[in-house]
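As structure tokens, the structure follows; a few thoughts come after it.
Small disclaimer: the values here were computed from a predicted structure and weren't measured. A note on names: the letters A, B, ... follow the listed sequences, proteins ahead of strands, and every chain is numbered from 1.
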Amino acid sequence: MLTTLFGISIFVFIVLRVIPGDSITGSLGIETGALSETQIQALREYYGIDKSLIGQYLSWMTSFLRGDLGFAYSNGVSVLELTKAALPVTMELALVGTVLGVIMGISVGIFSASKPGSIRDFAGQFFGLLALAIPGFVLSTALVTIMANKFQYFPNGLEYMTPWQNLSTNLQQMLFPGLVLGIAVAAPVMRTTRSALLETVDKDFVRTAHGKGVKARTVQFKHVLRNSLIPIVTMTGIQFGYLLGGAVIVEKIFALPGMGRQILDAINKREYATVQSSVMIFAILFVTINLLTDLIYRKIDPRIK
Amino acid sequence: MSTVKEKNWVNYYFQSVSGIVGAVLILLVLIASLASAFGILPHDPLEQNPVDALKGPSGTYWFGTDQFGRDIFSRCLDGVRRSMTVSITAVTIATLVGVFLGVVGGYFGKALDSLVVRLSDVIFAFPAILLALAIVNSLGNSWIDTSLAIAVVYTPIFIRVARGPVLSVKEMDYVKAVRILGFSTPRAIFSHVLPNVLPPILIQVALSLSWAILTESGLSFLGLGTQPPDASLGLMVSEAQPLAAFAWWSLAFPSILITVIVIGLNLVGDGLRDALDPARRSS
């Protein structure tokens, strides 16, 4: 875990710091040409890019670990402050998306597996395929267009509200982006649910339960579904991580001030410090979630050492 | 020599419905890309006809026109060609580099292997679109930059897919026999290890192509891929945002095309999986 994080930090540094030249041309653009040699030297010292690459990496990492994530050049707000406001938005969105996705995925999975090979199964599988294939930005754009123009309903056009400011507005603002992300999660969850159910139905203990005269419904929920949960939980954990990636695009379309939008804004304004630290935070989050999934997975399946 | 002709995997592939549907869809997509590459389009994708701006689908403009009166059908085909070019380039690079690193790492083990595994762990620690975004931000917006960025993102999957089977195949008696017979290591790898890890790689190529299409269109949607006035499916969706309310065709057709390509590639992947996996084949 620590070696991976160390590797990630070097990778982020190489991708974002070494390749793009320097942040002076980045922040000033063509005006750089008007600067005198001394001015450029002063700016290089100011941004810390007069040091060697290793020196730059070390100074970035030491301040990063101390909680100093740098400043956004354009307005001087610290990246730490930006992140404190943006991270909860992304986490809430990811949570809403996962919950909606799991509900949809498991329901369609059960529906599909209840009669394998039937039209019902075909419809369920077609839903799975479609949900996998429609890009989030297409679904978001279509939803925004339809809701805003046909129903004059677009809560995301209002100013963003945190759950503490106005819970009802907040949930309305989270609903559609959450739904878009949820559909992306539902596809693999549906496929996993379907195949796990079909596999469990053939097990001896299910036949025994039926033989004992347990009600079919009880068998379906208590024996089959319960024993199919392990792969479903694992798949959900994996998807939760991927959902963070999807959030980058969805947050932009639905104007949610989360981590994804923070990174996109920073890229557009060429704020290298913000991009670098935000990408790093995103990666740490992703690794942590994958680690947690692994732990939960081990916990619910005692067969795994 | 057996007299009964063994059915090869191609025969099995065309027995599955999803395989056939997928193959047909992808064939159409390839024809569309070729038509655009050779300039066989009803209109010039960049030509503006202000008089015909925002016209709905008709005999002249099959998919309607955009706000500049450009033919959306021609732009869609041009966009399909661009998306396919980027995705195929990216997945080709990812396959070659990933399989090479995976096979070499898995076959030789030791420090080299752990370095390869570490590297793929690091790349796996980023959501795909985010990593592609960061790399494109550094490299630039040309199609080759986008391809490289997507290639980096999907290389570790191929490392993983190739390395796993190599680890088990290299312990097989027939590979040991090849080594005892004194054949060179490259020959052992190329003619005896590689063919046996090919099926999972082939399936992965189809699936990765579908993800690459999604990543490419996502990047151009965000303005980090193909730049206007050139056409790209993702960019067309983004440009259609303000128009969609009164010109549904500007949003609908590029969206449907992306979805159809991704569905097609997924079906091909499913078909390949059924055809190449003997365990599934019997059922």
So, the part of A/I263 with a heavy atom under 4.5 Å from chain B: the answer is side chain

Proximal component of [X], with respect to chain A [non-hydrogen, under 4.5 Å]:
X      : value
B/F124 : backbone
B/I263 : both
B/I123 : side chain
B/S217 : both
B/L265 : neither
B/L224 : side chain
B/S210 : neither

Can you tell me which of [options] forms the most heavy-atom pairs within a distance under 4.5 Å of chain B?
options                       : value
A/A148, A/A133, A/G245        : A/A133
A/L243, A/L129, A/V248        : A/L129
A/I134, A/L264, A/I10, A/T141 : A/T141
A/I146, A/V138, A/L132        : A/V138

Looking only at B/V152, B/N266, B/I213, B/L222, the option with the highest number of non-hydrogen pairs under 4.5 Å against chain A is B/L222

Answer key: most heavy-atom pairs under 4.5 Å with chain A among B/L133, B/V260, B/L267 is B/L133

Does the gap between the ring centers of A/F11 and B/F126 come in under 6.0 Å?
yes

How far apart are the closest heavy atoms of [X] and [Y], and which atoms are they?
X      : Y      : value
A/I8   : B/A125 : CD1-CB, 3.3 Å
A/T4   : B/D121 : CG2-O, 4.1 Å
A/P135 : B/T259 : CD-OG1, 4.1 Å

- Atom CG of A/L65: over 12 foreign heavy atoms under 6.0 Å: yes

Does B/Q227 have more than 12 heavy atoms from other residues, nucleotides or ligands lying within 6.0 Å of its CD?
yes

Give, for atom [atom1] of [X] and atom [atom2] of [Y], the distance between the pair rounded to the nearest 0.5 Å.
X      : Y      : atom1 : atom2 : value
A/R191 : B/D270 : CZ    : CG    : 5.0 Å
A/Q125 : B/S18  : CD    : OG    : 9.0 Å
A/F137 : B/Q241 : CZ    : CD    : 10.0 Å

Can a donor-acceptor pair be found, under 3.5 Å and without considering hydrogens, that links the side chain of B/S138 to the backbone of A/V15? yes

